[in-house]
Amino acid sequence: MAERNRRALGKEKELLAADWMKGHGYEILEMNYRCRQGEVDIVARDGACLVFAEVKYRRDAGAGYPAEAVDVRKQRRISYAARHYMMRHGIGEHMPVRFDVIAILGEQITVIANAFCISD
């Protein structure tokens with residue numbers, strides 16, 4: 001699949017995940033937050049909790065399950081980006097933070113809340 005098509009598909013699935021989140025009471029604060037250290041697909045609020053969500057899509061399980069792609073290295077990059085976001089927006093350590101993975105396999109959406117903890 002060409003890079004442009006893969007990027008467009010990724011964007012489409014991130015929007016699908018954001019719509020799912022909105023439908024389940026989340027407030028979307030930002031999409032595709034980037035800094036030098038990494039990127040967060042979706043930054044949202046779920047009640048009093050700040051949520052950093054990573055969206056992973058697989059057409060089928062032939063290449064593995066989507067959540068498996070969020071390995072320790074990816075978690076570290078998301079954690080760095082989350083810290084940067086919080087610092088940039090003046091959000092202190094008192095704010096409850098959660099890292100979710102939104103795994104989309106075909107048409108099935110699975111949300112793994114608290115998928116991992118912030119890493120150093």
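The structure presented is a predicted model; accordingly, all values stated were derived computationally and were not measured. This chain uses plain numbering: 1 for the first residue, then up along the sequence.
Among residue pairs with one or both ends in residues 95-105, those qualifying as salt bridge (charged side-chain N to carboxylate O under 4.0 Å, His left out) are D46-R98, R98-D100; sequence neighbours excluded.
Hydrophobic clustering, defined by side-chain heavy atoms of Ile, Leu, Val, Met, Phe, Trp and Tyr closer than 4.5 Å, groups L105 together with Y65.
By the 4.5 Å heavy-atom criterion applied to side chains, M31 and E14 are counted as neighbours. Side chains of L50 and M86 form a contact here, defined as non-hydrogen atoms less than 4.5 Å apart. Side-chain contact between E54 and E39 is absent, with no heavy-atom pair separated by less than 4.5 Å. At a threshold of 4.5 Å between non-hydrogen side-chain atoms, the residues M21 and I28 count as touching.
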* Residue pair F116, R76: steps toward the side-chain contact (heavy atoms from CB on, under 4.5 Å) verdict -> CA-CA 10 Å; F116 60 94; R76 190 172 296 119; over 6 Å; no

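Between the side chain of D41 and the backbone N or O of V55 there is at least one donor-acceptor pair closer than 3.5 Å.
In this structure R88 satisfies the side-chain contact (heavy atoms from CB on, under 4.5 Å) test together with Y33, H84, sequence neighbours excluded. Applying the side-chain contact (heavy atoms from CB on, under 4.5 Å) test to D71 and every residue at least two apart in sequence or in another chain returns R73, K74. Applying the side-chain contact (heavy atoms from CB on, under 4.5 Å) rule to E12 yields the partners L9; only residues at least two apart in sequence or on another chain are considered. Contacts of L16 classified as side-chain contact (heavy atoms from CB on, under 4.5 Å), with partners at least two apart in sequence or in another chain: K13, I104, I109.
Shown are V51, I42, V43; of these, the side-chain contact (heavy atoms from CB on, under 4.5 Å) with L29 is made only by V43.
No path of Ile, Leu, Val, Met, Phe, Trp and Tyr side chains, each step under 4.5 Å between heavy atoms, connects M87 with F99, placing them in separate hydrophobic clusters.
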